[in-house]
Amino acid sequence: MKQVLHLRVNGQAHELYVEPHKTLLEVLREELDLTGTKHGCDLGECGACTVLVDGTPILACLALPIELQEREITTVEGLAHGAELHPLQRAFAELNAAQCGYCTSGMMLSAKALLDRETNPTREKIRDALAGNLCRCTGYEKILEAVEVAGREVAGRK
Amino acid sequence: MTHVIGTPLAKIDSWDKVIGAAKYADDMSLPRMLHARILRSTIPHARIVNIDTLDAEELPGVVAVITGRDVPIEYGILPSSQDEQALCVDKVRFVGDAVAAVAALDPETAERALQLIHVEYEPLTPVVTMNEALDETRDAIHSSAHADHHNIHKMVALEFGDLDAGFAEADYILEENYFYQGNTHLALENHSALASFSPDGHLTLWSSTQTPHYVHRALAKTLELPASRIRVVAAAIGGGFGGKTDPFSHEIVACKLAMLTGRPVKITLTRQEVFYCHRGRHPVLMWVKMGVRNDGEPTALHFRTMLDGGAYGSYGVASTYYTGALQTVTYKIPAYKFEGMRVFTNKPPCGPKRGHGTPQPRFALEIHLDKIARHLGLDPAEYRKRFIVDDKTKTVNHLTITTCGLRECIDKVVDASDFHNRISNLQSPISSLKTGLGLACGSYLSGAGLPIYWNQMPHSGVIVKVDRGGGVAVFCGSTDIGQGSTSLLAYIAAEEFGIDVRDVRVITADTDLTPVDLGSYSSRVTVMTGNACISAIRPLKQKILDTAAEKLLVPAESLSFRDGEIICEDDDARRLKWTDAIALAEAKHGTLSGTGSYKPPKRAGPYKGSGVGVSPSYSYAACVAQVSVDTETGQVRVEKIWLAHDGGRALNPLLVEGQVEGSVYMGVGEALMEEMTYRGGLHKAPSLLDYKSLTMNDMPPVETFLVETNDPEGPFGAKEAGQGPLLPVPPAIANAIYDAIGVRIDETPITPDKILKALEEKEKGRAARVGPKNFPNAPYPEPLHVEPPEDAPRLERKKG
Amino acid sequence: MLRLPPFEYHAPRSIEQAVNLYAQFGGAAMFAAGGTDLYPNMKRRQFTPQALIGLNGIDELRGIVQDNGITIRAGTTLSQVASHPILQSQYSALATAANLVSTPQLRAMGTLGGNLCLDTRCNYYNQEFSWRQALGFCMKKDGEICMVAPGSSRCWAVSSTDCAPVVVALDGRVRLVGPRGERVIAASDLYRDDGILYLGKERDELVTEILLPPADGTKSVYLKLRRRDSFDFPILGVAAALRFASNGEIANARIVLGGVGSRPLECVESARLLMGQKLTRELIGAAAEAAWKPARPLDNTDSTHSYRKKMTRVYVARALEALSEK
């Protein structure tokens, strides 16, 4: 049975009318048309659907929106500040860290949570933070570089 | 002068990807769209007795249910293998074969309806292993029209030069069996297709496909529509690696359902279904016999392969030939015999995955060479370098070498890894950890020299349009799967016209709007679309130059395009703005556009089967792997990979590095963990959790070197980069493991239990090896004897 | 896209409400905490409950409290367990185990209580509906026989929780609250050697707290065997906890294996060998040998069962070596 749901996504409040078994992934993609959040397995096995809830990376495919009503949800569409890209977005594009682009949203959101805590993480810390996001194209090398470069830019802004 | 080519620039489509705006097929929806699902066989091999769809049709929300009778026409990627049906009519051939399809108002209803379709099967004996496929008492999977013999899909045998003489000249002959396990592409995006049919009979399909042109042809055939009324558009593609190069059942089914219901229909596969669609790396059993002189010089090579093809033909005929084609393009081989065979089994069909049919024999060959080098006491790097093929020569099997930078590639990785000093010399502070280094090489084509279906038309076409506002639009049928092929066209146009990359728009992969390009496979895109693009631009440039020359009162030859201007090289006061020059040219010539196309040089040798392996040029790669092996647990850690790649001129080094690093990643995964495993005919682990692929924590650091030969066939001297760098990685790892612990693992994946088993054998004083012990007795045909070309390596008779 | 089956959703605000709600549904409901284990199973139709009782809104299920020992409320996330300074310093095996569960995202969602109650796993069971239909269903869900041991009358699905062996090794207890009131049981009694009825609690009882005794100098370690350094469940987990007397002799020892049976497997013989002894190389070897014998992994997880059994000896030895160096 459908229920009224209040979700706050990328700073915008939404009132929705959905069934409680719809996951956050389905609601983002199919109700809000925020298709930047991807899905590779629907079972929590790839990280493609990673979004932030109050700044923490979680998997949209295993989250119930009904439990996230008072939380701040951030998707890839909410990474940029107006027309200004987040340093991660710029670094991922400029350093070729996004090949097919399918893991990119989730990868950048995991990285954002890390850089929000720490702007100059070691490679080991980056690896640990991004170990829940599979990529099949890049071999991760350029992703590591992009996170480092973005971290320096974030630090510079602070 | 160059300002774009050779520069590390962002891909032009990266920006949409980083803001989440790129539209992949499953991101699209249309008004009134229906959601479809496919019912798949739960039995590996059976006759279909009856399909009852009545209950499903009556479920509220179900709009249409179809079965094989609705789309019975056979198709397949190769004209010689038209053995698939979008939905099976009489027989199912693997667990996952498509049987029926439902279109419903929402995905949940479509899913529920699948459970209400009742299929009655008459099971047949499943054929699961290659040995079972050779057993003629088992049921045949296909009719004799689709197989060379019973469950043998394809048999080939070719002999180039005098093999017997070659072995007679040898001082040392080594024979061994190898096995390369099957694995899959595992693109992160699951395949998806959205079809729409308009009342005037136009069909449009948006799909995650690497080959819209071939899908276009398959749709015309199976749906019996004129191709002129079908439009196939490749959406943004979330990874391919060869997994989206066949026309797929779900694409045809989405179209058929759209035609029947008059509503748009979308099918997005689940991860499990993608495992079933597969078309990935063939498991290949190999037997190698190689003769060499005491200094290691090869005198003869005999290579036998057996491919486990799975249930359908797919690219399999080509795959079979590929397991024998490229052994000759790295080292000088004066006599070569190849026997290949592909069998049908009741498992998901295999096809092309990154390196298509060549990583398996390369694995065997490079380990074989390592063994020979060890036996003869030769340094594995210096040994290989002595017998590398020369530029502008031919191989014994009639392949043309234009440029080969392999020697320099070996030098790069050997120097960087301090290979000579450190091989057999590495020690770890932890006693159970042993460290070693291994080297291997490889080569791959820059595009298949022949198209999938026989024709004389171009392989790639480009239209360029210049707008009076200064913008350039490039139209090409090529599909970008992340490698950057769309951006490449923008770089070339910007380079040629001397303008900013941002002033170029590229429209690709749309059979209505763009000229045909055969697709993103066989590493063909850079060379073929790049050349087509140049050939579209150059005459157009001449028109613009001629009008500019008239205006500036200088000879056209003195003018060049630079930084948004046309400038006289002899007198740079004489210059015209790019937009002014266009205005003049358009006023004189009318709308400014140009077309170009590319067809590879005709180089096939004088024998049947010579079309596979032919290419405008070959890339080369050398790899050194450093591994540590835990002798108590058998765990292998790849500590570092050095990889040098000769991909010709790097048009954008950032993208070439990306291809190298991605190839290394996939090679390490295939070497250590990726595998398609079955229990009976059922896939053991069709999920992203159970099919093991490297996480960020498992990936070793990669040091990449680009060796930029200037190849005459390539646009600006480019060759390929997307597949070749994978090839040397698995054998380099296997060779490094030998260096570390003295055991040979002659099969993939190299798992910890195999390491321990080999160490136990070694301890017991037996052959310290895990790998296939023998090769099945199979009816390979008599070989076709082919005379090598004039400029191929010759066997020098030194004995007798 | 794989989707959840429909259900009613209830969000109680207290443990009492949660337990009462569960009772009202008479077995047709399930508790849902992090959902990281439950929802994949629901998407594959291992479970199709009429109602879910969401525990995430219950404040009294969250937090870590230092008392005589330490009390971790069941709804505490695995990442909170992994990063808690007292757990890291005094109960380090638990912080380690929590930090080795799956991925950062899953640890931020999954709870300690959820991990302790993790459904047993088997690669004949953790598959989509159509896959199980192709094979024939197994006794754990919809079928009659055990696919990995067809002659057996029981289910051999594998206990795959990282935290359970540690909590057992640390002499932990768990508080259960049900419609008949609450009780505290030893963590080892939370498990049964059966792949289906793997929990030693009533279905209507909720794990609310994990109670660890004072560390009292106990050193602990957790080692995990898996193919990849992320995502993967343990195909062998070794939790070892030792308390040394002032003379260097072992005063208390527990070694518990995960991933090799339907419940955490306690190496009683190894512990007996260790008690009252000093930890020498020879003793480590003997204890590892004793641990290896009872481990009976079957061919229903990643890797081969013979390899997993072999690794028991190596991993137990390495766990003890790590403790001797601590």
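Every heavy atom of this structure was used, including side-chain atoms; hydrogens, water molecules and symmetry mates were not. Below, chains carry the letters A, B, ... as their sequence lines are ordered, and counting in each starts from 1.
- If you measure heavy-atom distances from B/R637 to chain C, the contacts under 4.5 Å come from the side chain alone.
- For the set B/L114, B/L689, B/T751, B/T268, the entry with the most heavy-atom pairs within less than 4.5 Å of chain C is B/L689.
- Considering CZ of C/R132 and OG1 of B/T42, their distance stands at 13.5 Å, rounded to 0.5 Å.
- Other residues, nucleotides and ligands contribute more than 12 heavy atoms inside 6.0 Å of the CZ atom of C/R227.
- In terms of heavy-atom proximity, C/V314 sits nearest to B/T633 at CG1-CG2, 3.8 Å.
- Remark: C/K310 engages B/E760 in a salt bridge, criterion side-chain N to carboxylate O under 4.0 Å.
- Considering CD of C/Q133 and CD1 of B/I43, their distance stands at 10.0 Å, rounded to 0.5 Å.
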Exercise. Where do C/S130 and B/Q272 land on the side chain to side chain contact (heavy atoms under 4.5 Å, CB included) test, with the steps shown first?
Worked result: CA-CA 9 Å; C/S130 63; B/Q272 178 178 289; 2.8 Å; yes
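- Only the side chain of B/Y276 has a heavy atom closer than 4.5 Å to any heavy atom of chain C.
- Between chain B and the options C/N123, C/L2, C/T103, the largest number of non-hydrogen pairs under 4.5 Å is found for C/N123.
- Only the side chain of B/T270 comes within contact range of chain C, with at least one heavy atom under 4.5 Å from a heavy atom of that chain.
- In plain terms, the two heavy atoms of B/R679 and C/D299 that are nearest each other are NH2-O, 3.8 Å.
- Contacts with chain C were tallied for B/G634, B/G680, B/P107, B/G96; B/P107 has the most, counting heavy-atom pairs under 4.5 Å.
- Listed options B/Q635, B/R37, B/R271 were ranked by heavy-atom pairs under 4.5 angstrom with chain C; first place goes to B/Q635.
- When the shell of 6.0 Å around NZ of C/K293 is examined, it contains 12 or fewer heavy atoms from other residues, nucleotides or ligands.
- With a threshold of 4.5 angstrom between heavy atoms, B/L756 approaches chain C through side-chain atoms but not through N, CA, C or O.
- For chain C, no part of B/E273 is nearby; none of its heavy atoms comes within less than 4.5 Å.
- Considering CE of C/M1 and CD of B/E111, their distance stands at 13.0 Å, rounded to 0.5 Å.
- The distance from atom CG of B/L682 to atom CG of C/L135, rounded to the nearest 0.5 Å, is 5.5 Å.
- Salt bridge status for B/K692 with C/D232: present, with a side-chain N to carboxylate O gap under 4.0 Å.
- Remark: side-chain polar atoms of C/D229 are not paired, donor with acceptor, to backbone N or O of B/D698 under 3.5 angstrom.
- Remark: C/D302 CG to B/K684 NZ distance equals 9.0 Å, nearest 0.5 Å.
- With a 4.5 angstrom heavy-atom cutoff, B/L39 does not touch chain C via any of its atoms.
- Within the 4.5 angstrom heavy-atom criterion, no atom of B/P44 approaches chain C.
- What you find for B/P686 and C/Q127 is that their closest heavy atoms are CD-OE1, 3.5 Å.
- With a threshold of 4.5 angstrom between heavy atoms, B/T677 does not approach chain C through any atom at all.
- Taking B/N697, B/L269, B/N190 one by one and counting their heavy-atom pairs under 4.5 Å with chain C, the maximum is reached by B/N697.
- In terms of heavy-atom proximity, C/F129 sits nearest to B/Q115 at CE2-OE1, 3.3 Å.
- For C/R318, the part lying under 4.5 angstrom from a heavy atom of chain B is the side chain only.
- If you measure heavy-atom distances from C/R3 to chain B, the contacts under 4.5 Å come from the side chain alone.
- Here the side chains of C/F231 and B/L688 are not in contact, with every heavy-atom distance at 4.5 Å or above.
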